[in-house]
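Everything numeric in this text was worked out from a predicted model, so none of it was measured.
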Amino acid sequence: MPDSERVLLLGGTREAVELAAELTRAGHQVITSIAGRTREPREVAGEMRVGGFGGAEKMAQWIRDNHIEKVIDATHPFATQISANARRACTITDVPLDIRRRKPWPKMPADDWIEVADLKSAATTIPTRARVLLAIGSQHIQPFSSREDVDFFIRMVDPPQEPLNLTRHTLILGRPSKDWRNEAQLMSDNQITHVVCRNSGGAGAYGKIIAARELAIPVIIIKMPI
Ligand code: NAP
């Protein structure tokens, strides 16, 4: 990158926080944009803006108004709308777009994975009377509400704003641990029989995958969008 650029960094991920620090140290002016889904987002180096732009055209306008010279898409791989908007906004404004997309986790020989296309398939794949660690993000609980026979252990960063529409569930508040031993302890303590999660790649959420492997717990895993 040239000496000092004004960068819009589309974030919401651990990688974006690390990148903001790196670019700021290198002398760039970084504005990290987050959707504002968590109540206490991680601190970032440089500036931060919170909330949607109002679609691709409005993002393009924002890029112009803020004299942005480069956009970096370091968003979550399941956040496909913001990535599509960034592509369109950069085409409109002719500002370069650098896509830092995570690769999905590869399945290791000892992994017991059931790969599914979406949340609905994940919900129907869970065996009867399973005890499930549901690690999928708070907006995605609804498809599991029909499974009244299953005990769900739901990990969320913030407490839910409305009651969860699940018959049998336990809330576990907090972010995933990077250390797989903590994830294994959580699974053992709650006698988890299955993990349901998305293949979101990256190091931050991989602990549960290692823990499930070590404990020989099957993982119902939603494939990363292409
Ligand atoms: P999305 O479907 O890609 O985006 C929906 C809208 O949210 C966008 O059109 C945009 O609104 C706004 N938005 C999203 N990311 C933004 C950002 N970095 N800066 C400003 N606005 C942003 O993403 P999503 O609804 O947030 O989440 C989709 C999936 O990704 C979920 O499964 C979620 O769990 C996962 N995820 C998302 C994030 C995240 O930070 N977004 C983090 C972790 C996981 P406008 O059209 O109004 O600009």
Side-chain angles (χ1 to χ4, degrees), residues 6-24 28-66 68 70-93 95-104 118-119 122 134-144 154-162 164 171-176 178 196-206 222-226:
R6 221 169 135 67
V7 178
L8 170 61
L9 173 58
L10 299 169
T13 56
R14 207 181 280 246
E15 289 87 343
V17 174
E18 288 165 7
L19 193 54
E22 193 185 305
L23 293 174
T24 306
H28 300 289
Q29 298 170 45
V30 181
I31 306 174
T32 297
S33 174
I34 60 167
R37 310 260 182 251
T38 52
R39 281 182 211 167
E40 288 182 37
R42 299 182 188 94
E43 281 191 23
V44 293
E47 290 175 47
M48 180 152 87
R49 67 165 298 287
V50 183
F53 294 88
E57 277 72 18
K58 295 262 173 60
M59 190 199 284
Q61 193 56 49
W62 193 96
I63 288 170
R64 283 197 200 100
D65 292 348
N66 288 276
I68 296 299
K70 181 176 189 158
V71 177
I72 302 179
D73 178 1
T75 56
H76 191 272
F78 280 76
T80 51
Q81 185 60 55
I82 190 70
S83 295
N85 289 357
R87 285 195 297 276
R88 170 106 187 94
C90 287
T91 304
I92 295 171
T93 53
V95 165
L97 173 65
D98 179 354
I99 301 171
R100 307 284 178 105
R101 200 178 150 77
R102 287 183 198 161
K103 289 193 171 57
D118 51 30
L119 293 162
L134 193 56
I136 52 159
S138 54
Q139 313 107 291
H140 305 302
I141 305 297
Q142 185 58 34
F144 298 89
I154 305 168
R155 179 162 46 208
M156 289 183 176
V157 178
D158 296 315
Q161 309 236 338
E162 286 163 23
L164 296 176
L171 272 183
I172 301 168
L173 291 179
R175 296 186 192 274
K178 252 182 153 177
V196 172
C197 67
R198 299 177 293 189
N199 191 339
S200 47
Y206 194 57
I222 300 162
K223 289 182 198 160
M224 186 182 281
I226 298 162

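Of the inter-residue distances, the one linking Leu9 atom CG with Glu15 atom CD reads 11.0 Å to the nearest 0.5 angstrom. The CD1 atom of Ile82 sits 8.0 Å away from atom CG of Asp73, with the distance rounded to the nearest 0.5 Å. Atoms NE2 and CZ, from His76 and Arg198 in turn, are 5.0 Å apart once rounded to the nearest 0.5 Å. Rounding to the nearest 0.5 angstrom, the gap separating the CD atom in Gln142 from the CG atom in Leu164 is 10.0 Å. Rounded to the nearest 0.5 angstrom, Arg102 CZ and Arg14 CZ are separated by 8.5 Å. Here the CG atom belonging to Asp158 is positioned 7.5 Å from the CD atom belonging to Glu40, to the nearest 0.5 angstrom.
Nearest heavy atoms, Ala16 versus Gly11: CB-CA, 3.5 Å. For the residue pair Gly51 and Ser33, the shortest heavy atom distance occurs at O-OG, 4.4 Å. Shown here for Ala79 and Ser83, the closest heavy-atom pair between the two residues is O-OG, 3.4 Å. For the pair Val196 and Ala122, the tightest heavy-atom approach, listed with the atom from each and the gap, is CG1-CB, 4.1 Å. Listed here is the closest heavy atom pair of Pro77 and Pro225: O-CG, 3.7 Å. Closest heavy-atom contact between Pro41 and Ile34: CB-CD1, 3.5 Å.
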* **Test side chain to side chain contact (heavy atoms under 4.5 Å, CB included) applied to Val7 and Val71, step by step** => CA-CA 6 Å; Val7 178; Val71 177; over 6 Å; no
* Would Leu119 and Phe144 satisfy side chain to side chain contact (heavy atoms under 4.5 Å, CB included), going step by step from the backbone distance to the final call? -> CA-CA 8 Å; Leu119 293 162; Phe144 298 89; 4.1 Å; yes
* Check the pair Thr24 / Gln29 against side chain to side chain contact (heavy atoms under 4.5 Å, CB included), numbers first and verdict last. => CA-CA 6 Å; Thr24 306; Gln29 298 170 45; over 6 Å; no
* To do: Could you please spell out the steps behind the side chain to side chain contact (heavy atoms under 4.5 Å, CB included) verdict for Leu8 and Asn66?
  => CA-CA 9 Å; Leu8 170 61; Asn66 288 276; over 6 Å; no
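Side-chain atoms of Ile136 and Phe78, non-hydrogen and from C-beta on, never get closer than 4.5 Å to each other. Side-chain contact check for Lys223 versus Pro104: every heavy-atom pair is 4.5 Å or farther apart. The shortest side-chain heavy-atom distance between Pro159 and Arg39 falls under the 4.5 Å cut-off. Proximity of Leu23 to Ile72: side-chain heavy atoms (C-beta onward) are separated by under 4.5 Å at one or more points. Side-chain contact between Met48 and Ile31: absent, with no pair of heavy atoms (C-beta onward) separated by less than 4.5 Å. Side chains of Pro160 and Ile141 form no contact here, defined as non-hydrogen atoms less than 4.5 Å apart. Side-chain atoms of Val30 and Glu47, non-hydrogen and from C-beta on, never get closer than 4.5 Å to each other. Looking at heavy atoms from C-beta onward, Arg49 lies out of side-chain contact with Thr32 at the 4.5 angstrom threshold.
For the side chain to side chain donor-acceptor pair (under 3.5 Å) criterion with Asn85, the lone passing option out of Gln81, Arg87, Arg88 is Gln81.
Not one N or O on the side chain of Thr93 forms a donor-acceptor pair closer than 3.5 Å with the backbone of Ala60.
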